[in-house]
Amino acid sequence: MTEHAGGRRRSAAGLLVAGTVLATGCATPHLDTLPGLARPVASASDGVRLDEGDQAYSYRNIHLVLPKGWSARFSDDCLTPPDAESGRAYVCPPTALRITARAAKYGQIDPKGEDLSSRDGWKRPWSVCPDAATTGGTAPQGEPETVAELGRRSFTAVSGERVESAAWILRCDGVRFDSRVWYVPEVDVELSVAAITDMEHSDGYDAIARSLDFSRYQK
């Protein structure tokens, strides 16, 4: 199924107004430019809608929007939902949305994203049970197992690239949770979350993926 990233869009003029409001607020890292100003293929005139509390964010010139309460307090490539915890200050928790540039180049996924059709396509070096990063130890407390595949979808990024995504239901010690991956073959960038344990934040992960703007990104 192919969709357009229109659920969170507003006119470019409206986004500029929102950006002005952000710029006058308290300083936050990486709020240097706003997504959606490239008049993307996905919409000739629309950008990304910034709801109250949303923040523009940039990592290696990959631009996106963080929903209210989300942050990058563990590392620049680790986007965490509200109240995310880690056993150690420098550990990106399994509930975080990780950004991986050159994912296929480094063997994390195949260049066309066909791995997303695999039953174990969710597996990444950081794929651990949800409590593994909150114990303060160095060893995972268990290895997730696949319960069900939720299928693949695709949509168009703000800047016009095709985004392939897939989701799975996993289980650890009888506890079920979701795992998701988004991959953009044209620019070889991946977003992934090992464990969505609070479905209240489920829409936030998808909203970030749908706000992706690669118009200034260079591989």
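Computation of the quantities below employed the complete heavy-atom set of this structure, encompassing side-chain atoms and omitting hydrogens, waters and symmetry-equivalent molecules.
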With sequence neighbours left out, write down each residue that passes side chain to side chain donor-acceptor pair (under 3.5 Å) with D115, or none if nothing qualifies.
none

Measure the shortest side-chain to side-chain distance between I169 and L150 over non-hydrogen atoms and say whether it is less than 4.5 angstrom.
yes

Honestly curious: do V189 and L64 fall in one hydrophobic cluster under the side-chain, below-4.5 Å linking rule?
yes

Determine, for K68 against E52, whether the closest basic-nitrogen to carboxylate-oxygen distance falls under 4.0 angstrom.
no

Say whether, by atom type as modelled, one donor and one acceptor occur between the side chain of T95 and the main chain of A195 under 3.5 angstrom.
no

Any side-chain heavy-atom pair of Y217 and L212 under 4.5 Å
no

D120 and S118 side chains, donor-acceptor separation under 3.5 Å:
no

Contacts satisfying salt bridge (charged side-chain N to carboxylate O under 4.0 Å, His left out) that involve residues 186-195 (not counting sequence neighbours) are R124-E190

T80 and W70 side chains, donor-acceptor separation under 3.5 Å
no

With rounding to the nearest 0.5 angstrom, report the CZ to OG distance, R98 to S75.
7.0 Å

Working to the nearest 0.5 angstrom, can you tell me the gap between S215 OG and H63 NE2?
6.5 Å

Quick one: closest heavy-atom pair of P111 and P185, and the distance?
O-CB, 3.5 Å

Starting at CD1 of I99, measure out to SG of C78 and round the result to the nearest 0.5 Å.
9.5 Å

Go through the steps for R162 and T156 under the test side chain to side chain donor-acceptor pair (under 3.5 Å), then give the verdict.
CA-CA 5 Å; R162 187 183 82 258; T156 305; over 6 Å; no

Check whether any side-chain N or O of Y183 sits under 3.5 Å from a backbone N or O of A166 as a donor-acceptor pair, and report yes or no.
no

Any heavy-atom pair between the side chains of P67 and I208 that's under 4.5 Å?
yes

Establish, yes or no, whether a centroid distance under 6.0 Å links the rings of W182 and F155.
no

Transitively linked via ILVMFWY side-chain contacts under 4.5 Å: W168 with I109?
yes

Does a side-chain heavy-atom distance below 4.5 Å link V147 with L170?
no

Within the distance-only criterion (no hydrogens, no angle test), does the side chain of S211 pair as donor or acceptor with the backbone N or O of V65 below 3.5 angstrom?
yes

Show which side-chain atoms of residues 197-204 pair as donor or acceptor with protein atoms under 3.5 Å away, not counting sequence neighbours.
| from | atom 1 | to | atom 2 | distance (Å) |
| --- | --- | --- | --- | --- |
| D198 | OD1 | E200 | N | 3.0 |
| S202 | OG | R180 | NH1 | 3.3 |
| S202 | OG | R180 | NH2 | 2.5 |

Starting from the C-alpha separation in whole Å, work towards a yes-or-no answer on side-chain contact (heavy atoms from CB on, under 4.5 Å) for D76 and Y57.
CA-CA 10 Å; D76 293 347; Y57 184 83; 3.8 Å; yes

Test item: Y205 and P81 side chains (from C-beta on) under 4.5 Å apart, heavy atoms:
yes

Could you state whether L79 and F177 fall into the same hydrophobic cluster, counting links through intermediate Ile, Leu, Val, Met, Phe, Trp or Tyr residues with side-chain heavy atoms under 4.5 angstrom apart?
no

Pairwise distance CZ(R60) to CZ(R102) - rounded to 0.5 angstrom:
7.0 Å

Within-4.5 Å side-chain heavy-atom neighbours: V184 and F214
yes

Trace of the side-chain contact (heavy atoms from CB on, under 4.5 Å) decision for E114 with R152
CA-CA 10 Å; E114 295 302 325; R152 289 184 57 171; 3.8 Å; yes

Please determine whether residues L191 and V181 belong to a single hydrophobic cluster, defined as Ile, Leu, Val, Met, Phe, Trp and Tyr linked transitively by side-chain heavy-atom distances below 4.5 Å.
no

Kindly indicate, with the supporting measurements, whether the criterion side chain to side chain donor-acceptor pair (under 3.5 Å) is fulfilled by W122 and S127.
CA-CA 8 Å; W122 52 269; S127 296; over 6 Å; no

With a 4.5 Å cut-off on side-chain heavy-atom distances among I, L, V, M, F, W and Y, is there a chain of contacts connecting L66 to I196?
yes

One should read off an interatomic distance between E149 CD and R119 CZ, to the nearest 0.5 angstrom, of 6.0 Å

Flag side-chain contact, heavy atom, 4.5 Å: I62 against D213
no

Determine whether W126 and C92 make a side-chain contact, defined as any pair of heavy atoms from C-beta on separated by less than 4.5 Å.
no

